[in-house]
Amino acid sequence: MPGYTCSIKERMLYSSCKNRLLDEVERDYQLEVTKKMEIDSGDGLTEDFLYEEMHPMEHTLKQAFAKPRGPGGKRGNKRLIKETGENGEEN
């Protein structure tokens, strides 16, 4: 569907018929649509573009989340505080 070069009526017709068409294709031809793409013009639709969309290159180096260090020395050592119950019992 070309972006805003169509009338509003044509865009509404496209969006209301798209899902119905996909459901019919999946049911009649026993195909599963796993990836959906929308483009504005056919100029960008090349073999390389489709290959990259279907087989994206995975990042070879995935950096794990680095937990930032806490404040050093300003707050002192951590303390373990035990609460006492009503009768002086520790919880």
Side-chain angles (χ1 to χ4, degrees):
M1 179 184 96
Y4 293 102
T5 59
C6 296
S7 67
I8 293 174
K9 183 178 179 180
E10 289 173 336
R11 284 185 272 167
M12 294 296 288
L13 182 63
Y14 167 79
S15 67
S16 64
C17 294
K18 182 180 77 169
N19 286 335
R20 171 78 184 226
L21 174 70
L22 290 173
D23 291 341
E24 294 281 330
V25 167
E26 287 181 343
R27 187 181 67 237
D28 292 346
Y29 298 104
Q30 288 83 35
L31 295 175
E32 181 182 354
V33 178
T34 56
K35 180 110 175 155
K36 300 174 189 174
M37 294 184 291
E38 292 189 15
I39 58 172
D40 290 335
S41 68
D43 297 337
L45 189 61
T46 62
E47 184 179 345
D48 294 333
F49 173 76
L50 289 175
Y51 187 82
E52 286 294 321
E53 287 293 319
M54 298 306 292
H55 307 286
M57 291 182 7
E58 295 187 25
H59 300 291
T60 56
L61 177 63
K62 291 186 179 181
Q63 186 176 11
F65 176 74
K67 183 178 177 184
R69 292 181 45 128
K74 295 180 182 177
R75 295 173 57 193
N77 295 331
K78 293 183 179 180
R79 299 180 191 131
L80 179 63
I81 300 173
K82 296 182 180 179
E83 293 183 23
T84 56
E86 294 177 10
N87 298 330
E89 302 171 356
E90 291 184 2
N91 289 338

Restricting to ring pair (Phe, Tyr, Trp, His ring centres under 6.0 Å), what partner residues turn up for Tyr51, sequence neighbours left out? His55
Roughly how far, to the nearest 0.5 Å, is the NZ atom of Lys36 from the OG1 atom of Thr34? 10.0 Å
Measure the spacing between CG of Asp23 and CG of Asp28 and express it to the nearest 0.5 Å. 10.5 Å
Sequence neighbours excluded, the answer for side-chain contact (heavy atoms from CB on, under 4.5 Å) partners of Leu31 is Val25, Tyr29
Can you pull out every salt bridge (charged side-chain N to carboxylate O under 4.0 Å, His left out) where at least one residue sits in residues 42-56? Sequence neighbours excluded, please. Lys35-Glu53
Measuring from Arg11:CZ to Ser16:OG, what's the distance to the nearest 0.5 Å? 13.5 Å
Taken to the nearest 0.5 Å, the spacing of Met37 CE from Leu50 CG works out to 5.0 Å
Is Val33 isolated, or which residues cluster with it under the ILVMFWY side-chain rule of less than 4.5 Å, directly or via members? Leu22
Does a sphere of radius 6.0 Å around CE in Met54 hold more than 12 heavy atoms from other residues, nucleotides or ligands, not counting ones at 6.0 Å or beyond? no
Contacts of Glu24 meeting salt bridge (Lys or Arg N to Asp or Glu O under 4.0 Å) (sequence neighbours excluded), chain-then-number -> Arg20, Arg27
